[in-house]
Each structure stands twice: as structure tokens, then as C-alpha cells.
Amino acid sequence: MPKYAFIVPPLTGHINPTLSVGAELLALGHEVAWISLDEQLQAKLPVGGQLLTIRYNQDDSEKQANAEYLDIITKKNVYGIESIKFLYEEVLVPLNRYMFDGIMQLLQSWQPDVVINDHQVFAGGMAAHLLDIPYATSVTAPAAVKMMEDLPKIHEWEVKQILGLQQELGIEGDKSLATSELLTLVFTSREFFGEMELPDYYRFPGPVISNRIAGIDFDWEKLKAQTAPKILISIGTTFDHQFKKDFFAKVIEAFGGEEIFVVVVSDETLFESWPSNFLVQQRIPQLELLPHLDGVVCHAGHNTVSEALSNGLPLVVIPIAYDQSHVAGRVVANGCGVRLNFNRFKAPHLKNAVNDILNEPGYRLAAQRIQGSFEQAGGTRTAAQWLDQIPLKVLHNG
Amino acid sequence: MDQLIQENKLSKEEIFETLNQFITEVIGEEFVEEMDITPASSFTKDLEMDSIEIVAFSEKVKNHFGPNIDFTGWLSNMDLDEIIQLKLENIINYIQECQ
């Protein structure tokens, strides 16, 4: 029975697609494991999936210090291009340095036939390379690939950070091992991704939207009683209090008391009171909710954008950091929505943008076109088949 | 718009005006009105442009000044820190040198 090991970072958006693809591999009769820092992941794994947790000795002070970097990503306000520097220098490189030894140990003991590393866990590609195990790569933030073309110098800088870590780990050569040259799965459709010359090992199975029922309470009666247009407004979970407060103050100004029903993903205590046409929850059953809505306003995180487009919903995108600017660029280039600048926009801009996407049918039609391209891309089953076709090494090294 | 194949060298002020126009096109007139754009303005900090906006801006510079300057090549020689620090006057000086 061939054994497949996913190597994932502690980021939900990066993990979810691997859970669906992993479930397909299990259905094909393979053994599947996930290598992660997060012990809680076990509860989310598909039936039969094994969790291999990276653990270090408590008195390894260097490792402990590195561990503190892991949650920094949620505690700092970063914006624009500077966020890319922050992401690599303060999050990804320390995270990968921290994970590397554990990945090596687990790959040596579990002995998978194929490794699938997340594109941001480049230590996974490096370890597989050193141990001579074939590896594929899962790209859950496809705009990062597109950025290679749009801002080549920034991509070059990113590669330099990866090569720096490779040298530190004693890997020779000047080629980044972050993404596989056997199979790199880019989780979107080719149509949404856009024109770019790429080697054949880049494959586009479409976004993976998990269909698990979230089991989160929601006032469906209230939603169904609405006659006004309904929208969702979310800027994800990674940005801190002040970002959210500034943002939602403008949202309230734009839509408070208007003929529109607004579902907001936020801590309810962010403001003392919210307008009566708002429904505010920290967590929402997003996938079950989207089919009932008319549009989505978000930070252009890849997952929320993919989920909205999978429902053929037009978007207003307001990117904050990382690759979101590029995801927003793709939304606009495909005609699926309107983009605003997070720092610059004011309430009237948001109001106009939402009016536009709700009232001009072109946005919805374009979103439906992308919806169709997602459906045709093949999804998790196709991704699993491609992984299944990776040639295995005949013998294990003891 | 005007083709820029000409013998006369553009002054710094003229280049600034052209670049200012591009910035306005990229980020929108109403926002520019509230900003105090000067040659010392930086793209990331002062103008709060994100990567897609910087790409759109550099496309416009490329299309306008065309074959006379290797804007992409020049930008490509910058590392991430230099792009983060990039100011309007850096581009003005570069275009002047190329004339």
C-alpha cells in the first residue's frame, strides 16, 4: 500500500485542501498521514488519516524560542509589499527552520512513498529531497505563483530567503526546493489564475472547497425573512483588533439602516452596538450561508474568494497584505468584482462598490463563468489521481 | 496621449507632473486630492500603494516613456527593501538620466 505524507503549516486555509485530497487518496486504498505542529489537527483528519506531530524536547531552548514565532502572524499589523518581507523574515523562514528536524525524523520513521509539501513549508521539499523521496507541492495561495511574473524582483528575493535556509541546512545547489518539479498542484482554475507560461508540472485542479457541515449556530429564520439584498462582509481571522475596528466602522457608516442585510464575521464586542440590519457572529457557517447571498465583501483571501466564486457571487475585494493584492487583481481582471484600497477607501466608496456588484449583471455573469471553470477543473478527485500517478521508488531504504 | 519621442529634455517638474498623472489614474482622483504628493513621497508608506497598484503604475511608466528607458530593468535591479523605500524622486532622477 503506497504511503502519502502531507506536510502542512499551522494555517487552516493551507490545511483544508489537503484534507479533501487526502480523503480521496484514502478512498483509493492508500495510507495517508499529515505532518504538522498542531496536535489538534487529528480531530479534523478524514477517517483513516494519521497525524504525525512534530515534537521537540522541552529543554531544547533554541527550538522553544523559535516556537514563539509561530503565532506572531496574528499579532502584527502588516500592509502591502512590506508584509511579504515580514512573512518571510519573521514567519516562514523561522517556521521552516523550526519544522525541519522534526520533518526529517518523521519521514525517516514513517517512510512515505510520496511527500506532499505545502508551498510555504519549503522545509518539507528540502527534507524529501535529502531523503530522496518523490514529492509534490500543494499551492494554496496561487497568487504567489502569479507574483513571480508581476514583480519578478520580489519573487527573486523570496527565492533568496529559501536558498539561504537551504544553505544553512547544508543543502548544496542554487535551486529552490520549495515547489516540486514532479507535480505542483495549484488550487484554482487556469481561467481564474490567468495567462502565464508555466512548466507542465503545474496543474490546476480548481479550488478545494470542503463540504463538511460546520455545525455553527445561525439564525436562518432571520436570514430567510429578509427581502433586501444580502451580503457577507469578512476580512478573515488573521488581522488584529485595530484593523478590524477601523474597517467595520466604515462598514457601519456605509450600510447601517440601509436597504441591505449584512452578515458580518467579527467579534460582536468590537462595538457596543451594531445596526439592526446587521447580523454579527465571530464564526459563521460560511459554506452553507453563501448560496443564500447576493454578494461578498472581503479582504481577497484566496479561500473566501474561491468560495464566493464557487457560488457565482460577485465580490468587492479590499486586500490588506501578503498575496491578497494579487488575488484581488485576478478578481478584477476576470470581471468578477470591484477592488478598493484598504487604507484609502471611505464608507461612500464601499457603498457604491457594493451597489455596482449587486446591480450591474456583468459582475455576476463573470463570477458564474469562473464558477463554471472551477467545476470543470476536476477538483479533489483529479488532484488525487495526479498524485496517484507519481511513480514510486521500488524499494524502501531500510 | 502625447508620445514622448522628442529632442527636448524634460525638466524634473515635467516628469513629476506626468508621474503624478499616472498615480492619479491608478489610485483615483478623489483620493489624490486629499494627498500631498511631492517628489519625496514614497510609494508604499506615503501613497499606501500595494503591489498591484505599483505594477499598474510601472506599466504606465513603461508604456509612456517606452523604448527610451529600461524602466522594468531598472526596477528589476532593486531588492525588496529598495522597492519598499522607493520614492517618486528616484524615478524622476532615473528618467532624467536616461534622456
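In the text below, chain A, chain B and the rest are named by the order of the sequence lines, each starting its count at 1. It should be emphasised that the depicted structure is a prediction, and the values quoted were computed from it without experimental measurement.
When each of B:Ile27, B:Asp81, B:Ile83 is checked for heavy-atom pairs under 4.5 Å with chain A, B:Ile27 comes out on top.
For A:Lys351, the NZ atom sits in a loose shell: 12 or fewer heavy atoms of surrounding residues, nucleotides or ligands are nearer than 6.0 Å. Within a 6.0 Å radius of NZ in B:Lys45, other residues, nucleotides and ligands contribute 12 heavy atoms or fewer. Heavy-atom contacts from other residues, nucleotides or ligands closer than 6.0 Å to CG of A:Asp174 number 12 or fewer. Crowding of B:Lys87 atom NZ: a count of heavy atoms from other residues, nucleotides or ligands under 6.0 Å not exceeding 12.
Looking at B:Glu34, the atoms closer than 4.5 Å to chain A (heavy atoms on both sides) all sit in the side chain, from C-beta outward. Looking at B:Ile54, the atoms closer than 4.5 Å to chain A (heavy atoms on both sides) all sit in the side chain, from C-beta outward. Contact of B:Leu86 with chain A is not made at all, since no heavy-atom distance falls under 4.5 Å. Proximity to chain A (any heavy atom under 4.5 Å) is shown, for B:Leu80, by both the backbone and the side chain. B:Met49 touches chain A through backbone and side chain together, each having a heavy atom under 4.5 Å away.
A:Asn341 and B:Glu53 share a donor-acceptor pair across their side chains, judged by distance under 3.5 Å alone.
Judged by distance alone, the side chain of A:Ser325 and the main-chain N or O of B:Ile52 form a donor-acceptor pair under 3.5 Å.
A salt bridge does not link A:Arg344 to B:Asp50: none of the charged nitrogens lies less than 4.0 Å from a carboxylate oxygen. Using a 4.0 Å cut-off between a side-chain N of Lys or Arg and a carboxylate O of Asp or Glu, B:Glu30 and A:Lys346 do not qualify as a salt bridge.
We find the CG-CZ distance between A:Asn343 and B:Phe31 to be 11.0 Å, quoted to the nearest 0.5 Å. In this structure, OG on B:Ser51 lies 10.0 Å from CD on A:Gln324, to the nearest 0.5 angstrom.
The closest side-chain heavy-atom distance from A:Trp157 to B:Met78 is not below 4.5 Å.
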